[in-house]
Amino acid sequence: MAMEVGFLGLGIMGKAMATNLLRNGFKVTVWNRTLSKCDELVEHGASIGETPAAVAKKCKCIIAMLSDPSAALSVVFDKDGVLEEICHGKGYIDMSTVDADTSLKISEAIISKGGHFLEAPVSGSKKPAEDGQLVILAAGEKALYEEAILAFNVLGKKSFFLGQVGNGAKMKLVVNMIMGSMMNAFSEGLVLAGNSGLDPHTLLDVLDLGAIANPMFKLKGPTMIQSSYSPAFPLKHQQKDMRLALALGDENAVSMPVAAAANEAFKKARSLGLGDLDFSAVHETVKDLHYPS
Ligand SMILES: NC(=O)C1=CN([C@@H]2O[C@H](COP(=O)(O)OP(=O)(O)OC[C@H]3O[C@@H](n4cnc5c(N)ncnc54)[C@H](OP(=O)(O)O)[C@@H]3O)[C@@H](O)[C@H]2O)C=CC1
Ligand SMILES: O=CC(=O)O
């Protein structure tokens, strides 16, 4: 019999992930705060749960993919939330990118009701989510990880089990801190090349042949040169990740001036109204500060 899962949150990532599960034979019951976003999934064979609690009542295993800590907490603790129906024998897997404290709060609440908990944030964006090529950074209850591995094998190309709750969240924040800093360095390089009389396309070719070649520069470079920022990874979420990573640095007394500067650039981009565009739109803040003479 097909495994039945609940899925909370059908944004860019959740929609792709839930679709993938359906395509691979899972029975999926979906919920999204804006309920109309469920319609497309229903066309692919999903059922709808009217509330997070209704999904938790129906399904043995519930996956969440939500924007940030406040969203992740809300679907669990608020009225009609998961906590009302989670019970012995049910598992809750939060794949949202949040901080370790948020994850721990959710874990304790789920476990206090007899449920099982796993955090499992992912590395990889819209396209890897559509293609089932995510990297899954799980931590929490090993038994639930083992039960979820069939679903993880559909969603991702590799899963890591990182031990106690919080380790998945921390790993994800470290990775995205590096990515956010890289995106800023890359944006500055593109603007410096263009404004000093070089062809930025040639810069992309040079970068791609050297030691700092990477899939992100290769994928995002051409669209950044065209000032095209259709969102795969929304900038507001990258800034949230920088903020949470800086807080982790604070807790551990790790000085991170590069990440702090990158965070400022993402904040600037948000203040310019670019938060819903792709995170590569931080490029616009560099352009803004360097008008060609
Ligand atoms: N996009 C990417 O490339 C990647 C994103 N991530 C992480 O995955 C998570 C989801 O990202 P993504 O899909 O891009 O984000 P989106 O902004 O596309 O989707 C966010 C989802 O969260 C829901 N939501 C927001 N606030 C609340 C709330 N208060 N209560 C209930 N639901 C809420 C939204 O519902 P509604 O539709 O009603 O607004 C929507 O379903 C984030 O944590 C992000 O950092 C991780 C790896 C890659
Ligand atoms: O969180 C974003 C990603 O690309 O990974």
Side-chain angles (χ1 to χ4, degrees), residues 6-20 30-41 48-53 55 62-82 93-99 102-103 106 119-138 155-158 160 168-169 171-183 186 214-220 229-245 266 270 275-282:
F7 206 104
L8 309 177
L10 301 174
I12 293 172
M13 296 296 285
K15 177 184 160 190
M17 293 160 73
T19 304
N20 241 346
V30 295
W31 171 85
N32 193 65
R33 179 181 61 175
T34 309
L35 270 178
S36 59
K37 283 197 198 165
C38 296
D39 295 348
E40 206 180 321
L41 273 289
I48 298 184
E50 290 293 319
T51 62
V55 174
I62 305 108
I63 297 176
M65 191 52 162
L66 302 154
S67 51
D68 55 18
S70 84
L73 291 166
S74 165
V75 302
V76 173
F77 290 97
D78 285 359
K79 185 172 177 310
D80 297 325
V82 169
I93 305 177
D94 194 344
M95 303 188 79
S96 323
T97 304
V98 298
D99 56 304
T102 298
S103 210
I106 295 172
E119 63 181 4
V122 301
S123 205
S125 194
K126 184 175 181 222
K127 180 86 170 60
E130 287 168 351
D131 296 345
Q133 292 292 303
L134 297 168
V135 178
I136 296 170
L137 306 171
L155 299 172
K157 62 179 173 187
K158 169 88 184 166
F160 289 84
M171 184 66 83
K172 174 61 186 164
L173 293 177
V174 172
V175 171
N176 273 31
M177 181 203 76
I178 297 170
M179 186 170 81
S181 295
M182 280 173 64
M183 179 52 85
F186 185 44
N214 69 75
M216 183 177 86
F217 289 178
K218 202 175 167 66
L219 179 72
K220 304 281 182 186
Y229 308 110
S230 166
F233 180 36
L235 187 142
K236 63 186 176 191
H237 296 332
Q238 171 69 80
Q239 196 269 315
K240 170 258 303 178
D241 294 351
M242 295 309 286
R243 170 164 42 85
L244 298 177
F266 287 117
R270 277 183 57 202
D276 290 328
L277 296 182
D278 190 66
F279 78 120
S280 53
V282 75

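All ligand and atom numbering here is 1-based and tracks the order in the structure. From a predicted model like this one, the values you see are computed outputs, not experimental measurements. Below, each value reflects all heavy atoms present in this structure, side chains not excepted, and no hydrogens, waters or symmetry copies.
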Side-chain atoms of residues 120-129: list all donor-acceptor pairs with protein atoms under 3.5 Å, sequence neighbours left out, distances to 0.1 Å.
from   : atom 1 : to     : atom 2 : distance (Å)
Lys127 : NZ     : Asp131 : OD2    : 2.6

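Counting heavy atoms closer than 4.0 Å to ligand 1, residue Asn32 contributes side-chain atoms (C-beta onward) but none from N, CA, C or O. At a heavy-atom cutoff of 4.0 Å, ligand 1 is contacted by no atom of Met95, backbone or side chain. At a heavy-atom cutoff of 4.0 Å, ligand 1 is contacted by no atom of Lys15, backbone or side chain. Proximity of Pro234 to ligand 1, defined as any heavy-atom pair under 4.0 Å, is confined to the side chain (atoms from C-beta onward).
The nearest protein atom to atom 19 (O) of ligand 1, hydrogens excluded, is given as Gly11 CA, 3.3 Å; this is a heavy-atom distance. Considering only non-hydrogen protein atoms, atom 22 (O) of ligand 1 sits nearest to Ser67 N, 3.2 Å. For atom 8 (O) of ligand 1, the nearest protein heavy atom (residue, atom name, distance) is Met65 CE, 3.2 Å.
The option with the heavy atom closest to atom 30 (N) of ligand 1, from among Arg33, His237, Lys172, is Arg33. Comparing Val75, Leu73, Thr97 against atom 46 (C) of ligand 1, the shortest heavy-atom distance belongs to Thr97. Nearest residue to atom 10 (C) of ligand 1 from Val30, Leu8, Leu66 is Leu66 (criterion: closest heavy atom).
Arg33 meets the side-chain contact (heavy atoms from CB on, under 4.5 Å) test with Trp31; sequence neighbours excluded. The ring-ring contact (aromatic ring centres under 6.0 Å, His included) search around Phe233 returns Phe279, not counting sequence neighbours.
Not a single donor-acceptor pair under 3.5 Å links the side chain of Asn176 to the backbone N or O of Met179.
Closer than 4.0 angstrom to ligand 2 sit non-hydrogen atoms from Ser123, Gly124, Ser125, Lys172, Asn176, Met179, Phe233.
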